[in-house]
Amino acid sequence: MTAKKHLVVGGAGGVGSALIELLVKRGHEVVTTVLNAKEASTIEQRFEGKVQHHLVDLSDADAALVKFKTIVSALDSLDAVTICAAIAPNGPAEFTALSTFRRSYEINCVANMAVYQAAMPALRQSKGRIVVLGSMAGRVAFTFMSAYVASKFALEGLCDVMRREAEPQGVKISLVEPGGIRTNLVYQQLSDIRHAIATIGEEEKRLYGQLYEGYLRVSEASMDGNSSTAEQVAEIVLEALETEHPQTRYIAGQDAKDFLSAFGTMPDREIDAVFNRMYYGEPELLVR
């Protein structure tokens with residue numbers, strides 16, 4: 001197998017870190033981006049200096065575009081890009097700050113376009129590929145995750161357009177749609193939800209306290225059920241990077257397969273009813 005040069009956006013934890021592990025073991029050269037000095041230290045310690053890293057804040061996509069162009073121009077070649085970075089805020093839509101929606105869209109969608117624009121000239125030359133980490137929440141609108149869902153739905157459409165414009169020029173683009181992923185970040189989010197339940201204001205608690213509790217039950221059921229490890233999702237990303245004829249979409253995880261299969265032909269009102277049952281009394285529906 002010929003060694004290739006990979007750029008992994010968001011490599012400090014979760015799927016990004018697991019993917020870098022696979023790529024390094026296979027002899028590839030990896031460059032990654034991280035958010036801050038703490039994440040940079042994590043990369044240095046885990047990969048013992050074998051992985052070059054750059055600090056890029058995706059919450060400002062214009063500034064990120066400049067940085068990505070600089071990163072790519074410094075490389076003598078680039079064969080593949082994987083975008084793993086994202087944020088997943090939660091809470092009732094009515095009480096979610098508009099700034100949270102904007103930041104989610106900037107990081108989870110617009111920054112992906114910044115990476116695409118910066119990398120396309122090099123990938124066009126190498127006939128390379130891009131793999132984007134989306135979510136089953138880009139096709140199924142999960143209650144209590146409005147900002148995340150909106151950004152991931154937008155990413156789905158963006159990836160379709162990028163793929164149709166890039167592939168005639170020899171650049172292949174795939175979208176990986178995982179379900180729940182068992183990472184330390186997710187478990188920290190569960191802890192944050194427990195804290196939020198204990199501290200939300202009286203009005204929000206009156207209106208949505210039951211929904212908070214339901215979201216926590218559903219999330220805990222997912223983590224204890226058929227969600228995936230970061231390593232399992234990274235293996236699917238690797239397949240999209242290495243196979244000769246990659247699929248346009250890869251569904252990652254049994255939970256994602258179950259949801260997308262069940263909801264693919266279900267009328268909206270039936271889907272609404274399933275979610276209401278999940279969040280208001282039957283969280284085990286998520287893991288069947």
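Sequential numbering from 1 along the given sequence is applied to the chain's residues. Keep in mind the model is a prediction, meaning the values are calculated, not measured.
Taking OG from Ser191 and CZ from Arg194, the interatomic distance works out to 6.0 Å, rounded to the nearest 0.5 Å. In this structure, CG on Asp57 lies 9.0 Å from CG on Asn36, to the nearest 0.5 angstrom. The distance from the CZ atom of Arg102 to the OG atom of Ser59 is 14.0 Å, given to the nearest 0.5 Å. Atom CG of Leu216 sits about 11.0 Å away from atom CG of Asp192, to the nearest 0.5 Å. The distance from atom CZ of Arg124 to atom NZ of Lys127, rounded to the nearest 0.5 Å, is 8.5 Å. Atom-to-atom distance recorded for Ser219:OG and Leu190:CG is 5.5 Å, nearest 0.5 angstrom.
Annotation: side chain of Leu78 is in contact with side chain of Leu123 (closest heavy-atom distance under 4.5 Å). In this structure, Ile87 and Leu58 have side chains that are not in contact, with every pair of non-hydrogen atoms separated by 4.5 Å or more. A 4.5 Å side-chain heavy-atom check between Lys4 and His6 finds at least one atom pair inside the cut-off. With contacts defined as side-chain heavy-atom distances shorter than 4.5 Å, the pair Thr248/Leu175 does not qualify. The shortest distance between side-chain heavy atoms of Pro89 and Phe101 does not fall below 4.5 Å. Residues Val31 and His53 have side chains not in contact (no heavy-atom distance under 4.5 Å, counting atoms from C-beta outward). Side chains of Cys109 and Leu158 form a contact here, defined as non-hydrogen atoms less than 4.5 Å apart. At a threshold of 4.5 Å between non-hydrogen side-chain atoms, the residues Met120 and Val171 count as touching.
Here Arg103 pairs with nothing under the side-chain hydrogen bond (donor to acceptor under 3.5 Å, both in side chains) rule; sequence neighbours left out. Residues that satisfy the salt bridge (Lys or Arg N to Asp or Glu O under 4.0 Å) test with Arg164, not counting sequence neighbours, are absent from this structure. Under the rule for a side-chain hydrogen bond (donor to acceptor under 3.5 Å, both in side chains), Glu231 has no partner lying at least two apart in sequence or in another chain. Applying the side-chain hydrogen bond (donor to acceptor under 3.5 Å, both in side chains) criterion to Gln189, with sequence neighbours excluded, gives no partner residue. For Arg129, there are no salt bridge (Lys or Arg N to Asp or Glu O under 4.0 Å) partners, not counting sequence neighbours. By the side-chain contact (heavy atoms from CB on, under 4.5 Å) test, Glu202 is found to be paired with no residue, residues two or more places apart in sequence or in another chain being considered. Glu239 meets the side-chain hydrogen bond (donor to acceptor under 3.5 Å, both in side chains) test with no other residue; sequence neighbours excluded.
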- Item | Worked check of salt bridge (Lys or Arg N to Asp or Glu O under 4.0 Å) between Glu220 and Arg217 | CA-CA 5 Å; Glu220 290 174 336; Arg217 289 194 304 269; over 6 Å; no
Q. Can you list the steps and then say if Glu29 with Lys50 is a salt bridge (Lys or Arg N to Asp or Glu O under 4.0 Å)?
A. CA-CA 8 Å; Glu29 184 177 346; Lys50 297 176 183 177; over 6 Å; no
Practice problem: Take Ser227 and Arg182 through the side chain to side chain donor-acceptor pair (under 3.5 Å) test and state the conclusion after the steps. | Solution: CA-CA 7 Å; Ser227 57; Arg182 298 192 294 273; 3.1 Å; yes
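When atom types are taken as modelled, the side chain of Lys205 and the backbone of Thr199 share no donor-acceptor pair closer than 3.5 angstrom. Side-chain N or O atoms of Gln169 include none that pairs as donor or acceptor with a backbone N or O of Ala166 at under 3.5 Å. A donor-acceptor pair is defined here as one N or O able to donate and one able to accept, closer than 3.5 Å; no such pair exists between the side chain of Thr100 and the backbone of Thr96. For the pair Glu106 (side chain) and Ala111 (backbone), a donor-acceptor distance under 3.5 Å is absent. The closest donor-acceptor contact from the side chain of Thr243 to the backbone of Pro246 lies at 3.5 Å or more, if one exists at all.
Side-chain contacts under 4.5 Å among hydrophobic residues (ILVMFWY), followed directly or transitively, place Leu19 together with Val8, Val15, Ile20, Leu22, Leu23, Val24, Val30, Val34, Ile43, Phe47, Val51, Leu55, Val131, Leu133, Val176, Ile181, Val233, Ile236, Val237, Leu238, Leu241, Tyr250. Its side chain outside the 4.5 Å cluster rule for every partner, Leu35 clusters with none of the Ile, Leu, Val, Met, Phe, Trp and Tyr residues.
Remark: Glu244 does not engage Lys172 in a salt bridge, criterion side-chain N to carboxylate O under 4.0 Å. Between Asp160 and Arg249, at least one side-chain N (NZ, or NE/NH1/NH2) sits under 4.0 Å from a carboxylate O, which counts as a salt bridge. For the pair Arg139 and Glu177, the salt-bridge criterion is met [side-chain N within less than 4.0 Å of a carboxylate O]. Between Asp76 and Lys5 there is a salt bridge, with a side-chain nitrogen of the basic residue lying less than 4.0 Å from a carboxylate oxygen of the acidic one.
For residues 143-175, the set of pairs meeting the ring-ring contact (aromatic ring centres under 6.0 Å, His included) definition, not counting sequence neighbours, comprises Phe144-Tyr212, Phe144-Tyr215. Pairs of residues two or more places apart, or lying in two chains, never qualify as side chain to side chain donor-acceptor pair (under 3.5 Å) while including a residue from residues 112-121. Annotation: salt bridge (charged side-chain N to carboxylate O under 4.0 Å, His left out) contacts involving residues 30-46, sequence neighbours excluded, comprise Glu21-Arg46.
Relative ring orientation between Phe259 and Phe142 is described as tilted, the plane-to-plane angle lying within the 30° to 60° band.
Tyr105 is not connected to Leu155 by any chain of hydrophobic side-chain contacts under 4.5 Å among Ile, Leu, Val, Met, Phe, Trp and Tyr, and they are in different clusters. Side-chain heavy atoms closer than 4.5 Å link hydrophobic residues (I, L, V, M, F, W, Y) into clusters, and following such links, possibly through other members, connects Met278 to Met136. In the hydrophobic cluster analysis, where Ile, Leu, Val, Met, Phe, Trp and Tyr join through side-chain heavy atoms closer than 4.5 angstrom, Tyr280 is grouped together with Val218. Hydrophobic clustering (side-chain heavy atoms under 4.5 Å, transitive across Ile, Leu, Val, Met, Phe, Trp, Tyr) keeps Val66 apart from Ile71. Val115 and Leu65 fall into different hydrophobic clusters, where Ile, Leu, Val, Met, Phe, Trp and Tyr are joined by side-chain heavy atoms under 4.5 Å apart, directly or via other members.
The minimum heavy-atom distance linking Gly134 with Pro178 is given by the pair O-CD, 3.4 Å. The shortest heavy-atom contact between Val81 and Ala119 is CG2-CB, 3.9 Å. The shortest non-hydrogen separation linking Val72 to Ala118 is CG1-O, 3.9 Å. Here the closest non-hydrogen pair linking Ala61 and Ala114 is O-CB, 3.7 Å. Here the shortest heavy-atom pairing between Gly10 and Cys84 reads O-CB, 3.7 Å. Smallest separation of non-hydrogen atoms from Ala86 and Lys152: CB-NZ, 3.8 Å.
Inspection of the Glu94 and Tyr208 side chains reveals an N or O donor paired with an N or O acceptor under 3.5 Å.
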